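Report on one structure; see the data block that follows.
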Amino acid sequence: MPDWLDIAVRVILFIIILFLLTKLSGKKQLSELSFFEYVSGITIGSIAAEVIINTDNRVWHGIIGICVFALFIYLVEIASLHSKKFRDYVEGSGTVIIKDGKVLEDNMKKEKYTTDELLQLLRGKDIFDLSEVEYAVLEAKGSLSVLPKKDFRPITRKDLGLPSVNEKEPYTVIMDGEILDEALTTTGKNRAWLQAELDTQNITIENVFLGQIDTYGTLSIDLFDDKIQVPTPQERPPLMLAHLKKCQADLELFALATKSESAKNMYAKNAKKLDESMQKLLPFLKD
Amino acid sequence: MTVSSNVKQCLATIKTIESGLSTLAINSGDEKAKRLFHEQMLVMKEVKQDIMNRVGELEREEDQYKGF
């Protein structure tokens, strides 16, 4: 076998092996590299590279090396799943860098972090002033997690005392002009409904690049042809709110205008009902 | 416009709201929102019934404006 063919075969073989091994080890390997995973990743890569290029090495030796290494990592991961102590030792644990708004210099020294690096990590979290931080931990994977002081946290509905509203995640039901039946079923709709929705907007399914259904069952779409204007689907709820307000005002007016006592009471009662109903619906109808 | 036609217009709007709430109740994914929309739809139904009765009374009073 000529050298070039030998190398080509080795490359393909090792790509397959590495692919299978990374599939086995899961997503964790990619997202948060602990020290141990970092080292093992590099080592496995080097073994593969060495065996591929250096044709004097036997392929089997490389495969055995990689497999044993992967097996070892696998065992370590299984063990760290079961024991917290082991996990802390192998993968490391977070170090508190800022507590009660004060920087813990000793811990920074232990982690060999300079002030510049700390400020840089804080800036990455959109914090430029140290006084905004209440608590910060340097995680095992090297990122900084920051808890800003209450005054500097983003305002929420709860802060404003608004009634709580829960929204479900939107589902993508059309992608590149293809209907995704699984997502469509999850939302409790079917193809006929989707077709009817598209028909009301005079759009063919082939022209839809992306279609999503939100928590209130409205379909929002993006077309391939950007020149076509799509009406905004949020029209209905605000319109309903306007209708409610109009009706409520009408009823109050009728209550004032009528001479019949019983009708006056009836109008006033219903105006109050509408008002209460409006208060309850407001957080849902307003975006 | 007469009182009667104003009340009828209001009745029509209430019907719009009722059907809109009904649609939202069916389409919403969140259980809490679904229930709220449904409850408010029932409130609209009560209001609608009251106004419908009133429309009947008005038609009896102003016979010349008898409509649908």
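In what follows, chains are A, B, ... by sequence order, proteins preceding strands, each numbered from 1. Computed from a predicted structure; not experimentally measured.
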- Task: Select all residues of residues 264-280 of chain A having any heavy atom within less than 4.5 Å of some heavy atom of chain B, and report them by number, or 'none'.
- Result: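 When heavy atoms of chain B are the reference, residues 264-280 of chain A contributes A/Met266, A/Tyr267, A/Lys269, A/Asn270, A/Lys273, A/Leu274, A/Ser277, A/Lys280 within the under-4.5 Å range.
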
Taking atom [atom1] as the centre, does [X] end up with more than 12 heavy-atom neighbours from other residues, nucleotides or ligands that are less than 6.0 angstrom away?
{"X": "A/Phe224", "atom1": "CZ", "answer": "yes"}
{"X": "A/Glu169", "atom1": "CD", "answer": "yes"}
{"X": "A/Glu139", "atom1": "CD", "answer": "yes"}
{"X": "A/Lys99", "atom1": "NZ", "answer": "no"}

- Task: Quickly, which of B/Leu24, B/Thr16, B/Thr23 forms a side-chain contact (heavy atoms from CB on, under 4.5 Å) with A/Met240? Name it, please.
- Result: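 Passing option: B/Leu24.
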
- Message: Set out, in order, the CA-CA distance, both residues' side-chain angles and the distance that settles side-chain contact (heavy atoms from CB on, under 4.5 Å) for A/Lys246 and B/Gln9, then state yes or no.
- Response: CA-CA 11 Å; A/Lys246 176 187 173 291; B/Gln9 199 181 38; 4.2 Å; yes

- Task: Would you mind telling me which of B/Ala33, B/Ser28, B/Ala25, B/Gly20 has the largest number of heavy-atom pairs within less than 4.5 Å of chain A?
- Result: B/Ser28

- Most chain A-contacting option - heavy-atom pairs closer than 4.5 Å, from B/Leu21, B/Ile51, B/Val43, B/Ile26: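 The residue among B/Leu21, B/Ile51, B/Val43, B/Ile26 with the greatest pair count is B/Leu21.
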
Got [X] and [Y] here, is their nearest side-chain heavy-atom distance under 4.5 Å?
{"X": "A/Leu281", "Y": "B/Phe37", "value": "yes"}
{"X": "B/Lys34", "Y": "A/Thr215", "value": "no"}
{"X": "B/Ile14", "Y": "A/His243", "value": "no"}

- Query: Using non-hydrogen atoms only, which part of B/Thr13 is less than 4.5 Å away from chain A: side chain, backbone, both, or neither?
  - Reply: both

- Minimum heavy-atom distance between B/Cys10 and A/Cys247, given as atom pair plus value: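 Result for this residue pair: O-SG, 3.6 Å.
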
- Note on the structure: If one checks every heavy atom of A/Thr258 against chain B at 4.5 Å, the contacting part turns out to be side chain

- Item | Distance (rounded to the nearest 0.5 Å) between A/Phe284 CZ and B/Leu36 CG | 5.0 Å

